[in-house]
Amino acid sequence: MTTIALVRHGQTDWNLAGRIQGSSDIPLNDTGRDQARDAGHRLSGRGFTKVVSSTLGRAAETAQLVADQLGLTGPDERVPELVERAYGSAEGVPGEDLPLLYPHGVPDAEPEAEVVARTRRAMVDLAARFPDDRIAAATHGGVIGRLLRDLPGSGFPSREHQRVLNGSVWVFEVDGDDIRFIEELSPTTEQ
């Protein structure tokens with residue numbers, strides 16, 4: 001059984017402004033770098049030996065900062081399937097404007113089911129290639145949230161308005177095709 005900790009990248013200026021990022025490659029800001037280091041600190045002492053990331057820069061930098069905290073080099077690889085949902089024409093739009101501009105959904109956004117399917121494929125592939133290992137994977141809030149909602153028994157959201165916060169860590173066990181949510185390691189810094 002492989003343990004995979006999905007780490008949401010640290011804050012970006014677009015996160016701070018409430019803009020939809022999707023596949024736009026927006027870098028971390030200083031708060032985001034602190035959040036990434038904090039995520040690495042929460043993972044230290046738990047036996048993680050590999051760090052991977054999505055292909056977007058904000059996730060790769062988060063992975064590097066996590067790896068630094070774990071005393072590892074990294075990221076070991078960039079995994080395209082862990083990239084954030086592509087929002088098409090909605091990228092850069094303030095999130096609060098989304099329902100007004102796209103009342104029936106964003107027509108050119110990647111389907112949510114595809115985000116879940118590719119995330120599952122990535123986790124199953126990592127587990128098959130690194131059996132019984134412990135992997136930290138820097139990814140995105142939409143990826144983590146959609147996976148949690150799709151998993152039976154994850155209990156997400158467990159409280160009203162629960163979100164996948166920047167720098168949050170979500171631990172899963174992967175055994176074959178079976179993915180099971182284990183725990184959330186909450187951020188210690190203010191969001």
Side-chain angles (χ1 to χ4, degrees), residues 2-87 91-92 95 115 118-119 122-123 125-127 129-130 133-148 156 162-174 181-191:
T2 302
T3 300
I4 300 176
L6 296 181
V7 179
R8 183 179 179 197
H9 64 79
Q11 184 187 76
T12 69
D13 287 342
W14 277 23
N15 289 139
L16 189 60
R19 294 190 176 279
I20 302 296
Q21 288 181 120
S23 59
S24 297
D25 207 359
I26 309 303
L28 296 181
N29 60 25
D30 288 340
T31 298
R33 290 180 187 93
D34 289 342
Q35 291 168 334
R37 282 188 280 272
D38 181 63
H41 177 74
R42 280 177 276 133
L43 289 168
S44 64
R46 292 176 169 258
F48 285 88
T49 58
K50 290 190 180 358
V51 180
V52 301
S53 77
S54 95
T55 56
L56 293 175
R58 60 188 181 267
E61 185 177 3
T62 296
Q64 180 62 62
L65 293 165
V66 166
D68 292 347
Q69 293 297 307
L70 298 175
L72 302 171
T73 59
D76 294 300
E77 64 181 89
R78 291 189 181 193
V79 182
E81 294 84 5
L82 292 178
V83 75
E84 181 61 286
R85 178 186 187 197
Y87 274 90
E91 294 193 13
V115 176
R118 66 177 165 77
T119 302
M123 293 178 74
D125 176 66
L126 285 168
R129 290 189 294 125
F130 306 107
D133 214 333
R134 297 178 68 80
I135 303 165
T139 186
H140 307 272
V143 168
I144 298 168
R146 284 174 182 82
L147 177 65
L148 285 166
F156 183 85
Q162 182 180 18
R163 299 179 314 123
V164 177
L165 300 174
N166 291 105
S168 60
V169 178
W170 305 79
V171 182
F172 300 82
E173 287 181 344
V174 184
F181 172 63
I182 302 302
E183 67 177 320
E184 175 190 4
L185 304 175
S186 299
T188 58
T189 57
E190 285 298 312
Q191 295 274 325

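With Thr139 contributing its side chain and Leu6 its backbone, the two residues share no donor-acceptor pair below 3.5 Å. Checked by atom type and distance alone, the side chain of Arg33 never pairs as donor or acceptor with a backbone atom of Gly10 at under 3.5 Å. At least one donor-acceptor pair under 3.5 Å links the side chain of Asn15 to the backbone N or O of Thr12. Not a single donor-acceptor pair under 3.5 Å links the side chain of Gln11 to the backbone N or O of Asn29. In this structure a side-chain-to-backbone donor-acceptor pair under 3.5 Å is missing from Thr119 to Val143. Not a single donor-acceptor pair under 3.5 Å links the side chain of Ser168 to the backbone N or O of Arg8. A side-chain donor-acceptor contact under 3.5 Å links Glu91 to the backbone of Ser24. When atom types are taken as modelled, the side chain of Arg42 and the backbone of Gly167 share a donor-acceptor pair closer than 3.5 angstrom.
Counting heavy atoms from C-beta on, the side chains of Ile144 and Phe156 never come closer than 4.5 Å. Here the side chains of Asp34 and Asp30 are not in contact, with every heavy-atom distance at 4.5 Å or above. Taking the side chain as every heavy atom from C-beta outward, Leu185 and Val171 approach each other to under 4.5 Å.
Checked against Val174 for a side-chain contact (heavy atoms from CB on, under 4.5 Å), the options Thr3, Ile135, Ile4 give a single hit: Ile4.
Ring pair Trp170/Phe181 is tilted by interplanar angle, where 30° to 60° counts as tilted.
Listed by chain and number, the residues in a salt bridge (charged side-chain N to carboxylate O under 4.0 Å, His left out) with Arg118 are Glu110 (sequence neighbours excluded). Residues satisfying the salt bridge (charged side-chain N to carboxylate O under 4.0 Å, His left out) test with Glu184, not counting sequence neighbours, are none.
Contact record, Ala36 with Val66: O-CG2, 3.6 Å, taken as the closest heavy-atom pair. Annotation for Ala59 and Ser54: closest pair CB-OG, 3.4 Å, computed over non-hydrogen atoms. Of all heavy-atom pairs between Gly22 and Tyr87, the closest is CA-CD1, 3.8 Å. Nearest heavy atoms, Thr62 versus Arg58: OG1-O, 2.8 Å. The minimum heavy-atom distance linking Leu82 with Ala122 is given by the pair CD2-CB, 3.9 Å.
Pairs passing the side-chain hydrogen bond (donor to acceptor under 3.5 Å, both in side chains) check and including a residue from residues 66-78, sequence neighbours excluded, read Gln64-Asp68, Glu77-Arg129.
Taken from CD1 in Ile26 to CH2 in Trp14, the straight-line distance is 4.0 Å, to the nearest 0.5 Å. Note that CD of Gln21 and CG of Leu56 are 9.0 Å apart. Values are rounded to the nearest 0.5 Å. Atom-to-atom distance recorded for Asn166:CG and His140:NE2 is 11.0 Å, nearest 0.5 angstrom. Rounding to the nearest 0.5 angstrom, the gap separating the NE2 atom in His9 from the CG atom in Leu65 is 13.5 Å. Atoms OG1 and CG, on Thr31 and Asp38 in that order, are 12.0 Å from each other to the nearest 0.5 Å.
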Candidate pair Leu43 and Leu70, rule side chain to side chain contact (heavy atoms under 4.5 Å, CB included), full reasoning: CA-CA 7 Å; Leu43 289 168; Leu70 298 175; 4.0 Å; yes
Met123/Leu147 under side chain to side chain contact (heavy atoms under 4.5 Å, CB included): CA gap, chis, key distance, verdict: CA-CA 11 Å; Met123 293 178 74; Leu147 177 65; 3.4 Å; yes
